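Here the structure is a predicted model, which is why all the values come from computation and not from measurement. FYI, side chains are in, hydrogens and waters are out, and symmetry mates aren't considered; it's all heavy atoms of this structure. Throughout, protein chains are lettered first and strands after them, A, B, ... in sequence-line order, and every chain is numbered starting at 1.
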Amino acid sequence: MPELPEVETVRRGLAGTVTGYTVSDVEVFDKRSLKRNIGSTSSFKKELVGSKLEKFERRGKFLWIPLGGNLCLVAHLGMSGQILVRTPDYPQDKCERIKITVSRGKSSLEVRFIDQRLFGGMLVDELVDQGSKGKVPQSAEHIAIDPLDENFEIEDIALKISKRSAGIKSLLLNQEILSGIGNIYADETLWLTKVHYLTPGNTFTRKRIRQVIETAKEVLIKAVAQGGTSFDEQYKNVNGESGYFSNSLNAYGQTGLPCPRCGTPIRREAWSNRGSHFCPRCQKPKS
DNA sequence: AGGGTAACCTGTATGC
DNA sequence: TGCATACAGGTTACCC
């Protein structure tokens with residue numbers, strides 16, 4: 001469940017189900033889900049077993065759980081990752097790659113990492129102190145502050161974007177400028193602000209850029225409140241429930257459907273190995 | 001340095 | 001039914 005709202009939904013789901021639980025066992029069914037883990041599979045297990053889960057942190061699309069000392073368990077869901085909390089009697093899930101059994105008293109639960117495409121993964125990582133920005137895993141050191149972070153400063157981001165010649169969509173997706181936005185929320189933000197996705201960052205007024213970033217933040221907040229976006233069996237919260245933001249989509253995945261503002265069919269264009277959805281009438285390129 | 005593209009993977013839907 | 005193609009919510013390495 002890739003973008004910030006989906007990852008935040010998972011984070012909250014974990015906090016609500018397994019806080020205070022201690023890891024009692026770890027099973028790795030597919031080592032490819034550990035490809036970013038520096039150590040061996042057995043050291044991955046060893047670091048986890050015995051750790052009590054107290055905090056569930058997130059920056060952008062990175063999720064992590066402190067393990068005590070300087071270590072943490074990092075999860076990135078990639079393009080198709082899910083984390084589900086199941087009771088041990090629940091049948092094995094399709095594409096289940098890692099199973100972390102946790103217990104508290106007589107209660108036992110399984111935290112299952114599920115990932116069809118294997119772009120995501122888990123790793124045990126070291127925490128790095130970033131001063132006022134707090135501690136983050138080494139693997140997320142380069143990830144910029146996200147719009148839901150209290151340290152997020154719109155003006156700083158606006159300044160950065162206003163100096164770049166790349167298209168606005170690629171800048172919004174750049175996790176080193178601001179994090180958490182993916183293809184859905186980029187397309188939705190650009191539709192709401194009537195901006196064409198290829199508009200170069202350095203052709204905006206600062207006021208206009210601030211509007212775009214402010215809108216992105218509002219979209220993310222609204223999506224979090226609705227539990228993220230679910231289209232199919234993927235991208236669910238830890239209980240397997242769908243999010244409702246798909247009902248609020250105006251552009252993403254709406255190819256051929258009328259623009260909710262002007263009725264012109266939404267267009268999808270192939271862009272950068274993926275798709276970009278927009279209204280050709282409301283979101284004309286500046287010429 | 002910054003911008004663009006290919007590569008990493010599996011699974012599902014669609015068309016012939 | 002079989003086969004080919006297109007498409008999917010991300011990140012990174014590598015070119016220019």
Requested in this report: Look at the side chain of Q175(A) and decide which nucleotide, out of dG4(B), dG9(C), dT11(C), has an atom nearest to it.
Outcome: dT11(C)
Query raised in the report: Is the aromatic ring centre of F119(A) closer than 5.5 Å to the centre of the six-membered base ring of dC8(B), with the two planes inclined by less than 30°?
Result: yes
Query - Of the listed nucleotides dC9(B), dA8(C), dG9(C), the one nearest the side chain of I184(A) - result: dG9(C)
Query - Passing candidate, side-chain hydrogen bond (donor to acceptor under 3.5 Å, both in side chains) with K169(A), options T199(A), N183(A), T189(A) - result: N183(A)
Query - Under-4.0 Å side-chain N/O to phosphate OP1/OP2 contact, R274(A) with dG10(C) - result: yes
Query raised in the report: Going by an N to O cut-off under 4.0 Å, is there a salt bridge joining R58(A) and D146(A)?
Result: yes
Query raised in the report: Can a side chain N or O of K169(A) be found less than 4.0 Å away from OP1 or OP2 on dG4(B)?
Result: no
Report summary line: Of the candidates dG3(B), dG11(B), dG9(C), the side chain of C95(A) sits closest to dG11(B)
Query raised in the report: Side chain of R104(A), backbone of T19(A): donor and acceptor closer than 3.5 Å?
Result: yes
Query - Any strand: nucleotide that pairs with dC9(B) via Watson-Crick or wobble, under 3.5 Å - result: none
Report task. Report yes if at least one side-chain N or O of H142(A) is closer than 4.0 Å to OP1 or OP2 of dT11(C); otherwise report no. Result -> no
**Report entry** N183(A) side-chain proximity, nearest of dC9(B), dG10(C), dA6(B)
**Finding:** dG10(C)
Report summary line: Checking dG9(C), dG3(B), dT10(B) against the side chain of S165(A) (C-beta onward), the nearest is dG3(B)
Requested in this report: Check whether any side-chain N or O of R32(A) sits under 4.0 Å from OP1 or OP2 of dC8(B), and answer yes or no.
Outcome: no
Report task. Kindly point out which of dT10(B), dA6(B), dT11(C) is positioned nearest to the side chain of R36(A)? Result -> dT11(C)
Query raised in the report: Any Lys/Arg nitrogen of R267(A) or E269(A) sitting under 4.0 Å from an Asp/Glu carboxylate oxygen of the other?
Result: yes
Requested in this report: Please tell me which of the listed nucleotides, dA8(C), dT10(B), dG10(C), lies nearest to the side chain of E3(A)?
Outcome: dG10(C)
Query raised in the report: Between atom CG in D187(A) and atom P in dG10(C), what is the gap in whole Å?
Result: 10 Å
Query raised in the report: Across all strands shown, which nucleotide pairs with dG9(C) by Watson-Crick or G-U wobble geometry, both distances under 3.5 Å?
Result: none
Report summary line: Here the distance between atom P of dT12(B) and atom CE of M79(A), to the nearest Å, is 16 Å
Query raised in the report: Taking NE2 from H76(A) and C1' from dC8(B), how many angstroms apart are they, rounded to a whole number?
Result: 14 Å
Query raised in the report: Which whole number of Å gives the distance between the P atom of dC9(B) and that of dC14(C)?
Result: 14 Å
Report task. Choose from dG9(C), dT11(C), dT10(B) the nucleotide whose nearest atom is closest to any side-chain atom of E6(A). Result -> dG9(C)
Query - Centroid-centroid distance, F245(A) to Y185(A), less than 6.0 Å - result: yes
Report task. Compare side-chain N and O positions of K61(A) against OP1 and OP2 of dG9(C) and report whether any pair is under 4.0 Å apart. Result -> no
Report summary line: Ranking K35(A) and S272(A) by the position along DNA chain B of their nearest nucleotide, the one closer to 5' is S272(A)
Query raised in the report: Any Lys/Arg nitrogen of E3(A) or K61(A) sitting under 4.0 Å from an Asp/Glu carboxylate oxygen of the other?
Result: no
